[in-house]
Number of protein chains: 2
Amino acid sequence: MAGARKPAALEEPGLEQVGLGALEHSAGLMLRIAQLTAFERFFALFGESEIKISEFTVLMAVAENPGIRQGVLADVLKIKWSNMTKLVRTLEERGLVARHVPRHDRRSVVLSPTDEGRRQIEKSGEKMYRLDREALSMLTDAEHDQLIALTRKIAGWPPISER
Amino acid sequence: MAGARKPAALEEPGLEQVGLGALEHSAGLMLRIAQLTAFERFFALFGESEIKISEFTVLMAVAENPGIRQGVLADVLKIKWSNMTKLVRTLEERGLVARHVPRHDRRSVVLSPTDEGRRQIEKSGEKMYRLDREALSMLTDAEHDQLIALTRKIAGWPPISER
DNA sequence: CAGAGATAGTTTATTTTTGAACAATTCAGA
DNA sequence: TCTGAATTGTTCAAAAATAAACTATCTCTG
């Protein structure tokens with residue numbers, strides 16, 4: 001019927017006989033394809049919802065770091081500042097996070113979760129983690145841990161043990 | 001001066017004291033952050049150029065699979081069909097790939113590289129792979145292999161050994 | 001302390017991506 | 001064979017992401 005024929009299910013596209021030759025050793029490309037696959041699967045599981053996954057991620061990050069500057073959060077999550085502005089405004093309008101301009105640096109904006117925001121996390125947090133893991137259910141627990149270790153290293157974050 | 005303060009160099013954003021709590025165990029999120037980091041680094045190394053990386057990737061994939069249907073390639077590379085249409089047209093206009101409608105199925109379009117396309121690959125292929133590896137230079141060779149194995153598995157591709 | 005330059009965030013124009021509607025086939029079953 | 005559904009690809013309008021210009025504030029240096 002439409003352009004993309006797959007009904008947003010969890011099927012295999014099935015590389016079949018394609019094969020990308022040397023391209024398959026490009027970790028950058030593979031990283032991207034894997035990421036898109038993972039998100040496709042996640043969204044298929046997650047379905048429609050009020051809050052976007054990017055918004056929920058920011059909300060959770062804010063709850064974990066109350067008083068964080070919005071630009072710092074943007075950099076950590078690799079969200080562009082101009083997008084973060086819009087995203088945070090949405091969260092504020094929904095009463096999930098509060099923006100506050102600190103007296104000592106009136107250029108900046110720091111964020112904290114509202115009670116409603118905390119409630120939202122309480123309500124949906126567990127589901128997020130469950131679906132995130134399920135989207136990657138082709139990996140064993142050991143492989144899952146390996147993936148987290150590798151991605152941390154790529155992102156330049158310290159290994160879990162050192163924190 | 002501008003929104004993004006970093007001069008597109010290879011600096012550490014330096015997660016510093018942030019820490020995302022449980023979110024750091026979301027492999028989906030980590031996968032995304034790692035992918036964006038890797039691409040950021042790749043582009044910083046790669047600089048300006050005639051051909052976009054997505055275009056070059058398609059060109060190489062076509063050269064590896066002459067006669068492949070454009071929709072199949074789109075699915076494998078996780079490119080939307082509507083984007084693939086535009087992308088392939090660009091490659092055709094530059095004389096790098098040829099489009100051909102096979103007689104037995106006149107709905108479809110199959111692709112093959114032109115001589116000029118092959119020449120382009122000859123010219124730039126090595127550089128691509130080098131920079132791709134360099135963008136992930138924080139990984140050891142063993143980790144790099146691990147990453148490729150994991151991403152293949154996520155994408156639903158067979159392990160290298162089985163091919 | 002004046003002022004140049006840097007930093008934080010927002011706004012706006014542009015580009016890119018997406019999704020839905022569409023046309024042209026092909027397929028499959030009555 | 002005929003007809004309704006499915007496949008393949010394109011087009012186009014809407015949504016999202018990006019980059020560049022801009023405002024406000026802060027910092028540092030002479």
Side-chain angles (χ1 to χ4, degrees), chain A residues 1-9 11 13-14 16 32 35-36 39-40 43-44 48 51-55 57-58 62 67-93 97-111, chain B residues 1-9 11 13-14 16 32 35-36 39-40 43-44 48 52-55 58 62 67-93 97-111:
Chain A
M1 190 197 292
R5 69 197 178 350
K6 280 171 294 176
E11 325 170 7
E16 307 296 313
R32 177 173 160 83
Q35 193 260 300
L36 292 172
F39 270 48
E40 226 171 54
F43 287 128
E48 306 297 303
I51 194 167
K52 283 199 280 183
I53 183 64
S54 57
E55 292 162 359
T57 301
V58 167
V62 166
I68 194 176
R69 270 209 307 108
Q70 131 175 0
V72 171
L73 192 53
D75 288 347
V76 170
L77 295 178
K78 297 282 175 206
I79 295 173
K80 297 272 182 300
W81 284 25
S82 48
N83 294 334
M84 188 57 110
T85 294
K86 224 172 311 180
L87 210 158
V88 165
R89 179 173 305 152
T90 303
L91 289 174
E92 189 188 29
E93 279 167 0
V97 306
R99 291 161 34 96
H100 174 242
V101 175
R103 211 177 284 91
H104 64 277
D105 182 355
R106 303 206 327 282
R107 292 169 303 180
S108 62
V109 175
V110 299
L111 307 174
Chain B
M1 189 195 296
R5 66 192 180 355
K6 280 171 295 175
E11 323 170 9
E16 308 294 313
R32 177 173 161 83
Q35 192 261 301
L36 292 173
F39 269 49
E40 225 172 53
F43 287 128
E48 306 297 305
K52 282 199 279 183
I53 184 65
S54 56
E55 293 161 359
V58 168
V62 166
I68 194 175
R69 270 209 307 108
Q70 128 175 2
V72 171
L73 192 54
D75 289 347
V76 169
L77 295 177
K78 297 281 176 210
I79 296 173
K80 297 269 182 299
W81 284 24
S82 49
N83 294 333
M84 188 57 110
T85 294
K86 224 172 310 181
L87 210 158
V88 165
R89 178 173 306 152
T90 303
L91 289 174
E92 189 187 30
E93 279 166 1
V97 306
R99 292 162 32 96
H100 175 240
V101 174
R103 211 177 282 93
H104 64 277
D105 182 355
R106 303 205 327 282
R107 292 169 302 180
S108 62
V109 176
V110 299
L111 307 174

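Every chain is numbered from 1, with letters handed out A, B, ... down the list of sequences.
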Practice task
State which of dC26(D), dG9(D), dT10(C) makes the closest approach to the side chain of R107(A).
Solution key: dC26(D)

Handout entry: Distance in Å, D75(B) CG paired with K80(B) NZ, rounded so as to fall on 0.5 Å steps
Key = 10.0 Å

Practice task
For residues L91(A) and I51(A), determine if any side-chain heavy atom of one lies less than 4.5 Å from a side-chain heavy atom of the other.
Solution key: yes

Problem - Rounded distance in Å - CG (L73(B)) to C1' (dT8(D)) - result: 14 Å

Practice task
Please test T85(A) against R89(A) for side chain to side chain contact (heavy atoms under 4.5 Å, CB included), starting from the C-alpha separation and ending with a verdict.
Solution key: CA-CA 6 Å; T85(A) 294; R89(A) 179 173 305 152; 3.9 Å; yes

Handout entry: Exercise: identify the closest heavy-atom pair between W81(A) and G71(A)
Key = NE1-O, 3.5 Å

Problem - Length of the line joining I79(A):CD1 and dT18(D):P, which is rounded to integer Å - result: 10 Å

Handout entry: Atom-pair distance (CE on M84(A); P on dA16(D)), nearest Å
Key = 17 Å

Problem - Base versus backbone protein contacts along nucleotides 12-19 of chain C [heavy-atom cut-off under 4.0 Å; B, S, -] - result: -----BBB

Handout entry: Nucleotide nearest Q70(A) when distance is taken to its side chain, options dT26(C), dT11(D), dG9(C)
Key = dG9(C)

Handout entry: Length of the NZ-C1' vector between K78(A) and dA17(D), whole Å
Key = 16 Å

Handout entry: Side chain of W81(A) - closest among dT11(D), dG9(C), dT10(D)
Key = dG9(C)

Handout entry: For atom CD of E55(A) and atom C1' of dA16(D), their distance in whole Å
Key = 12 Å

Practice task
Just call it for S108(B): base, sugar-phosphate, or nothing, with non-hydrogen atoms closer than 4.0 Å on any strand.
Solution key: sugar-phosphate

Exercise for the section: Using the side chain to side chain contact (heavy atoms under 4.5 Å, CB included) rule, take I79(A) and V58(A) through it: C-alpha gap first, then chi angles, then the decisive distance, then the call. Expected result: CA-CA 10 Å; I79(A) 295 173; V58(A) 167; 4.0 Å; yes

Practice task
Output, in order, the C-alpha distance, side-chain angles, deciding distance and verdict of side chain to side chain contact (heavy atoms under 4.5 Å, CB included) for Q70(B) and R99(B).
Solution key: CA-CA 9 Å; Q70(B) 128 175 2; R99(B) 292 162 32 96; 3.7 Å; yes

Exercise for the section: Rounded to the nearest angstrom, tell me the gap between atom CZ in R89(A) and atom P in dG9(C). Expected result: 14 Å

Problem - CZ-CZ distance between R107(A) and R69(A), expressed to the nearest 0.5 angstrom - result: 8.0 Å

Exercise for the section: Would you mind telling me which residue lines up with the more 5' stretch of DNA chain D, R106(A) or R99(B), judged by nearest nucleotide? Expected result: R99(B)

